[in-house]
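What you are looking at is a predicted structure, and each value in this text was computed from that prediction instead of being measured.
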Amino acid sequence: ALGTGLFKGNLQVMVGNLYDDPKYSDKRDTAFSLFYMAINIGALFAPTAASKITENFMAKAGLKYQGDIPALCHEYLEKGQQMAANSLDTLTHFAQSQASAFNGDLATFAHKYIDELSLSYHYGFAVACISLIVSMLIYQVFKSTFKHADINTKQAAASGKQENIVELTPEQTRSRITALVLVFAVVIFFWMAFHQNGLTLTYFANEFNEKSSEGFQSMFFSVWNLVLIIIGVYALFSLFQSETTRGRVVAGSIVAGVVAVLYYKYLNLNGPVAVSAPIFQQFNPFYVVALTPVSIAIFSALARRGKEPSAPRKIAYGMLVASAGFAIMAVGSLGLLTPDAQEAAVEAGEQVPLVSSNWLISTYLVLTFAELLLSPMGISFVSKVAPPQYKGMMMGGWFGATAIGNLLVAVGGFLWGGIPLWVVWTVFIVLCLLSAVFMFSMMKKLESVTTDA
């Protein structure tokens, strides 16, 4: 938390400082969209990197990673042969399938499985360490290219570079801070809903989603297929935007190549692929990276016509779109058991209803649209509106609101149990709609502050 607090808030202030010059100020929203996209390129590979490292080191110990086995191992060590018969059978059959690591003693196997899995997690965290070191090297090597943005108001005053620093009256300062606090209040409820991807949406993926995927749908569970799609999207934009014949030919060739490779891979699909809950975490960053140029193109076109929505209005639209994302989940959950009833049915060995992965994939698509409307636009709004002497503090306020929203994510966990799933999702639909109504009700005040900035 200390590292993230020092890193993210200050880095985003620096990105905003790059666009303080009036001749670049109209590119601020686009800049933060690109900045946000870059963050998600790393996030796109994170689930696959973690899963592959886990699987690799488990395999060296003669074991296979399977999402439900760690919990069964803990249960066996706690209850022994008294655990639920269906769960005991599942663990026994799995242990027997790991012939090189099973000597016939389930307790020994359970200990070994948990120990080896814990060790593999250590190697997974090493990926984060290496990534941070590479990040730090990039920052240091290229520091000279953005040194003019690495400056606070006191340093600017001392160097005489104050031409872009706006002097605000106490009333203007108070008005801007008030507007930012109002946005922070809305942001709390957005992150409370959006970050259900780390809680109830993952619970849903683990308990109610089909455990395998086949055909065309199965291709979305390979990160390399997603990378190909991203390359195709960017090449397609280049095809239409290129001003030279050579550029269009190159872009068209890349698009054709991507389509050909994906079609070849589709024709050579080899049966169903296993679907585990963690893999769904790759869809949000995939959509962010793939859709950022779409978002930029739409708003650039609107800007040319003088119809681009203000940052506060984009945030309000984002809340409306987020409510639509949870509406998809509400529809997809109709007819399903409650989580408690589902757990009881599984323990009793009964057949339980499971739904297609398309519900979650579609939900992540819509929620990502909402995120692109709210998060980079919100950061851009803070960077633009914050009084110069309080930029760091106000960016800290943004992350403080994000932190409170993340804390309130636990509400989803409290709801998860004895009530119907559609009711759980409806709670977040209502929160998003109320937040949108609040934003629209304050729109004149928020847009007037934006105009003054």
Side-chain angles (χ1 to χ4, degrees), residues 12 15-16 19 26-40 43 179-180 182-197 201 233 237 283-329 362-385 395 398-399 401-402 405-406 428-443 446-447 449-450 453:
Q12 290 175 181
V15 174
Y19 294 85
D26 61 333
K27 303 295 184 184
R28 188 186 299 267
D29 286 359
T30 300
F32 276 103
S33 293
L34 293 172
F35 171 76
Y36 203 72
M37 179 193 71
I39 294 171
N40 281 275
L180 289 170
L182 292 173
V183 171
F184 296 161
V186 172
V187 165
I188 288 173
F189 293 104
F190 175 77
W191 292 124
M192 174 186 174
F194 180 81
H195 279 155
Q196 293 301 318
N197 61 0
L201 289 175
V233 169
F237 270 88
F283 287 110
N284 172 240
F286 159 66
Y287 287 135
V288 169
V289 178
L291 295 177
T292 292
V294 178
S295 172
I296 291 174
I298 291 172
F299 289 125
S300 295
L302 290 173
R304 286 194 295 271
R305 298 176 184 178
K307 296 182 178 180
E308 182 182 10
S310 63
R313 198 167 290 273
K314 290 176 185 175
I315 293 171
Y317 290 150
M319 297 304 297
L320 291 176
V321 174
S323 68
F326 285 102
I328 293 174
M329 288 303 300
S362 300
T363 297
Y364 278 116
L365 171 62
V366 177
L367 288 178
T368 301
F369 270 120
E371 183 185 13
L372 288 174
L373 283 166
L374 189 141
S375 190
M377 297 306 106
I379 298 169
S380 176
F381 179 74
V382 175
S383 171
K384 182 178 183 180
V385 171
M395 198 62 76
W398 171 270
F399 286 109
T402 303
N406 285 332
F428 297 111
I429 293 172
V430 172
L431 283 173
C432 291
L433 289 176
L434 289 176
S435 298
V437 170
F438 175 77
M439 280 293 292
F440 282 119
S441 70
M442 302 299 297
M443 193 59 64
L446 295 172
E447 287 187 331
V449 171
T450 306

So do [Y] and [X] actually touch side chain to side chain, heavy atoms under 4.5 Å?
X      : Y      : result
Pro312 : Phe381 : yes
Met37  : Leu34  : yes
Leu365 : Leu291 : yes
Leu367 : Asn284 : no
Tyr364 : Leu201 : yes
Phe399 : Gln12  : yes
Tyr317 : Met439 : no

In Å, rounded to the nearest 0.5 Å, how long is the span from [atom1] of [X] to [atom2] of [Y]?
X      : Y      : atom1 : atom2 : result
Tyr36  : Ile379 : OH    : CD1   : 6.5 Å
Ser375 : Ile39  : OG    : CD1   : 7.5 Å
Lys384 : Ser310 : NZ    : OG    : 9.0 Å
Asn406 : His195 : CG    : NE2   : 5.5 Å
Leu431 : Met319 : CG    : CE    : 8.0 Å
Ile296 : Lys27  : CD1   : NZ    : 10.0 Å

Q.
Between Arg28 and Ser380 (side chain of the first, backbone of the second, donor and acceptor by atom type, cut-off under 3.5 Å), is there such a pair?
A.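 No, because the side chain of Arg28 does not come within donor-acceptor range (under 3.5 Å) of the backbone of Ser380.
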Q: Indicate yes or no for a side-chain donor-acceptor contact from Arg313 to the backbone of Met443 under 3.5 Å, with no hydrogens or angles considered.
A: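 No.
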Compare every heavy atom of [Y] with every heavy atom of [X], then report the nearest pair and how far apart it is.
X      : Y      : result
Ser383 : Gly16  : OG-CA, 3.0 Å
Phe428 : Met192 : CE2-O, 4.1 Å
Val233 : Pro293 : CG1-CG, 4.2 Å
Phe326 : Ala193 : CZ-O, 3.0 Å
Thr292 : Ser33  : CG2-O, 3.7 Å
Leu320 : Ala436 : CD2-CB, 3.6 Å

(Q) Would you call the rings of Trp398 and Phe184 parallel, tilted or perpendicular, taking 30° and 60° as the class edges? (A)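 The rings of Trp398 and Phe184 stand perpendicular, inter-plane angle above 60°.
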(Q) In terms of relative ring orientation, are Phe194 and Trp191 parallel, tilted or perpendicular, with 30° and 60° separating the classes? (A)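 Rings of Phe194 and Trp191: perpendicular, as their planes differ by over 60°.
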Q.
Within 45 degrees of the ring normal and closer than 6.0 Å to the centroid, is that where the cationic atom of Lys314 sits relative to Phe299?
A.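 Yes, Lys314 and Phe299 form such a contact.
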Q: Carefully, step by step, assess Phe438 and Leu182 under the rule side chain to side chain contact (heavy atoms under 4.5 Å, CB included).
A: CA-CA 9 Å; Phe438 175 77; Leu182 292 173; 3.7 Å; yes
